[in-house]
Structure formats: structure tokens, C-alpha cells
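All ligand and atom numbering here is 1-based and tracks the order in the structure. Given the structure is predicted, the values throughout are model-derived calculations rather than measurements.
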Amino acid sequence: MTSGKLISGKEVAQHNSRESCWIIVHGKVYDVTEFLDGGSKIVLKYAGKDATQEYDPIHPPDAITTNLPPQKHLGPVEPNTVEKVKIEITDEEKERQVRVSNRPHLDEILNLHDFEAIAKQVMTDKAWAYYSSAADDEITNRENHAAYHRIWFRPQVLVDVTKVDFSTKLLGHKSSMPIYITATALGKLGHPDGELNLTRAATKHGVIQMIPTLASCSFDEIVDAAQPDQVQFLQLYVNKDRSITKNIVQHAEERGIKGLFITVDAPQLGRREKDMRMKFTDDDPSAVKDTGSGGIDRSQGAARAISSFIDPGLKWDDLEWFKSITKMPLILKGIQRWEDALRAYDLGLAGVVLSNHGGRQLDFARSGIEVLVEVVTNFKAKRGISFPNEKFQLFVDGGVRRATDVLKAIALGATAVGIGRPFLYAFSSYGQEGVEKALTILRDELEMNMRLLGAQTLKDVGPDLVDTSNISAHLATIPADRLYDNNYESMRHAKLRALKDQSKL
Ligand SMILES: Cc1cc2nc3c(=O)[nH]c(=O)nc-3n(C[C@H](O)[C@H](O)[C@H](O)COP(=O)(O)O)c2cc1C
């Protein structure tokens, strides 16, 4: 069957069941029968058919060829014999396309929240569900942003701030701002160019991109799209099969990746119900009814479908092995308490990312910014070390939406902060230009806020500029002050053009 002989679409169509399941991807036929367990039930929907359209956004182009043994690559399909998968343009999709054409001009986007407001309206439901979702009741997701509201500034005045400079170095590499683009999977769900939007915008703005293991574009595509001097990091999900992980790591090092961020907060992916519900309603229930494990498996969704390879057995002892296979600096992504940060330091790693995965893992995990305060306090007390520190760098992510958030983290000892969803929303709504605009907004906000704080460089942004006395106060909500709140005129997001005309404002 692997003789290179063309296979007719008719023959492929006969292999349309759990017992024998062939699919076509980019004109080639694959036998995926043995791969239907776990997260692959969606594949059954395309059994005997051309699955390219479904496959593309959630897999790098080389995923199928690397993961399927050669004998399962059946060969090219005979052109014009494949029945076209009918893509029905639903009324909802038509309405969405109208909304896309009514996006406001980028000039009207004033802040990162605006991108989210537009993305919510112009993205497909599936992409919105995957990007915006978080674990359980999404409390940590919202707390990530809210925690910044518990830190207030103590600006200093009468400093010459004619010129301000907020450039810095991450793991020894220049960055125009103390911000990096963190790793977020499945870029093509939001835009056909996926992660390449981030690569191209990052170089224009002199910031660093962290490439996700689960990018929709292949790793090499993303590295190839970078400029020769552009710095990129890699986020790593550790595979149960360590030889696969070793290949990924060593290939990354050969391709010039400057830092390996090992994700440690995801031994199992969190329950992201928006995402799960979306996928479930999308599936044809008859196609998934016999899972062989007790009926319909509702626990799907893009996230779970792509993550079953992650090793829940990863442990501290494994870090020595990582040191033995690479010279890249090792950073743990997803540290959530000072004890673990200290352990990473004692093991000689290059740093940690204080992060709860954008609230997508353990609900009620604390925000990275809150953890930063306890990490800095305990390092001082136990090792006499202060931050920022070139030898062991602290990064923070989750909920950062304004330059004031960034500067709060810097004041408290972070080297830089990672931003995730806002860049996804920016490219889902406007492609690369959207990401560039988001970076311009952050740069302008940083410049203004440095001046208003009385800081000429990031060295001047220290703990004396912030009041963190409430950072750990997890107060329960009190009833809202409705009379006052109703009088307060809410600020507005950017709007679609057609809707704006009907607006009273
Ligand atoms: C859609 C999406 C996908 C993500 N994928 C990954 C991933 O593959 N690996 C990882 O370590 N973190 C992943 N993250 C977490 C981010 O790296 C980061 O911790 C988080 O997005 C920061 O929060 P923010 O989105 O509020 O900025 C993802 C986050 C989102 C929103």
C-alpha cells in the first residue's frame, strides 16, 4: 500500500469506522485506526474523508508524519476522486463574517481590553471558547487581573523624565520592554497564520516570543520566520516518551533557541468547561457514542484532544536529566509557591515563571503577582538574595493588561512579564498588525507611566514605588453599591461599525 500507487477516494470512503479508519490530510491517505483512543474521537467524524480542514488549525503540519509509523502512511489519493466535504456556511457564520467586515479601524483600538471586546465578536465560537476558557469556575482567571488592583503606586515627583528607558535583558538577551509574548497553543484557531503573526510582530518591536510545544505552525516554520538575530524561547511539555522530548530539546538548541521553559503546572489539563461544551456540541454524538469506556466521553475540547502525551510523572529528579541533554538555560513555568522557587534556585536553574497558566489549571491557585511578593520575601530571608537578579530571574504572567500591571511586577522584583491572551485576541481580530498595535499600546503606556512614576529606567522602579499591603487579602465580595454604580458612566470598548451607528453615544 505504501508503493506510491494512487488510492481512489472511493476506497478511502470505505474505511469509515472505528474498526478501519482512514483519513486524507493534504492529499495523502493515512490509516489512523489504532489512534482513535484517548483524545482522537473527533477523527472518527472524518473517517473515510478529507480531514485537512479540521486537522490544520490544531496540528502542526508535520504532526501526522512524525507520530504515525511509516506503514500507516498509505500514499497519495487520486485527485478528483475525493468527495468534497461539504462545508455548510451556517447563518451564524454568515453573521460572523458581517461582524468581521465591521471591525473598527485599528486606530480606534485604545487598549488591550478593546482587542478582547472585538475578538469575542469576530472569532469563531470554537476559537473563542479555547482561548478565553479557564479552569472550573474561572475564579483564578479573574483573580489574575484583579490581584493587580490590590497594588497601588507611591510615585515620586520632580525627577527629570524627559527621557525614559524601559529596555531590559531577559536571560541576557535584549528586549525593548520588560514584556515577552508567552506560549499559547493553537494559534491557527484564531488566524490562518497562527503563531507567525507573533514572530513577525515580535521582531518589529524587539520583544521575545516563547514558542509553544503545541503551536499550530511547526516549530521549524516559526524559527524560520524569525530574523537571524531574533531571540526566541521554547515552552516545553514533557512527553511520557523521553526520547521524543530529547529530540525536541536538542533540535531547539541546534536551531538557536535561547531558553527552555518547562511547564510544570499541567500534569493533567484543567477542566475548561467553555472549551469542553463547545467541542461536545460540535461533535456528531453518534460518532462518539461507543467509546468503549462507558458511553459518551464529554471530556473533550481542543485542549484535551491535544494534550494526552504530557507526562504526569514528571518530578524534581528529572531536572538533572534536562541539564545533561542541553546547555540552554532551564526555567520552570508554573511555579506557585516560594518553596518551589527556592528549590529551582538551589538546583541551579536559570529562573522561574510565577504563573498559574492563565487560570487554566488549578482554580483558586493564587495570582503570579501575589506569589512574587512571597518569593522575594523568602529569598531575602533564607538566601539573602534580592531581585531582580541576573543569575536567577523571576518572570510573572497572568492577567497583565496594562503597563501599570507590568510596572507593578517590575517594582516587586520581576525581570519581565509574559502576556498571553491579549496577543491572541489581537491577531484573531487583525492579524500581525493587531499584535503590532498591541505592542505599540504597551510601549506608549510604559513610557507615560514611567514618567508619571518618576522613573528614568527600570532600575528606578523598585519596591518603594508600590504599596502592596493588601496583596494577600482575598476578601469575599460585598454587595455592590448599586445607586452609586448606576450613576457611574461605564467606559466603552471599541465597537463594530454597524452597531456603532445604532448607538446613542
Ligand atoms: C489559549 C491559551 C493556550 C495556552 N497554551 C499554553 C501552552 O501550550 N503551554 C503553556 O505552558 N502555557 C499555555 N498557556 C498559558 C500561557 O502561557 C500563560 O501562562 C497565560 O496565558 C498568561 O495569562 P494571560 O492569558 O492572562 O496573559 C496558554 C494560555 C492560553 C490562554
Validation: residues 394-403 side-chain donor-acceptor distances under 3.5 Å, sequence neighbours left out:
from: D397; atom 1: OD1; to: S355; atom 2: OG; distance (Å): 2.7
from: D397; atom 1: OD2; to: S355; atom 2: OG; distance (Å): 3.4
from: R402; atom 1: NH1; to: E445; atom 2: OE2; distance (Å): 2.9

With E143 via side chain to side chain contact (heavy atoms under 4.5 Å, CB included) - residues at least two apart: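 In terms of side chain to side chain contact (heavy atoms under 4.5 Å, CB included), with neighbours along the sequence ignored, E143 is linked to A146, A147, R150, S367, E370, H474.
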Face-on cation placement of K408 at F153 ring, 6.0 Å and 45° thresholds: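 Pair K408/F153 counts as cation-pi.
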Non-hydrogen atoms of T377 and V373 that approach each other most closely: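 For T377 versus V373, the nearest heavy atoms are OG1-O, 2.7 Å.
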Exercise: identify the closest heavy-atom pair between W316 and R343: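 In this case the closest contact between W316 and R343 is CD1-NH1, 3.4 Å.
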Under 4.0 Å from ligand 1 - residues by heavy atom, chain and number: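 Close residues (ligand 1, cut-off 4.0 Å): Y130, Y131, T182, A183, T184, A185, Q235, Y237, T263, K333, S355, H357, G358, R360, D397, G398, G399, R401, I419, G420, R421, L424.
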Salt bridge (charged side-chain N to carboxylate O under 4.0 Å, His left out) contacts in which one or both residues fall within residues 211-226, not counting sequence neighbours: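 Non-adjacent pairs meeting salt bridge (charged side-chain N to carboxylate O under 4.0 Å, His left out): D220-R255, D224-R255.
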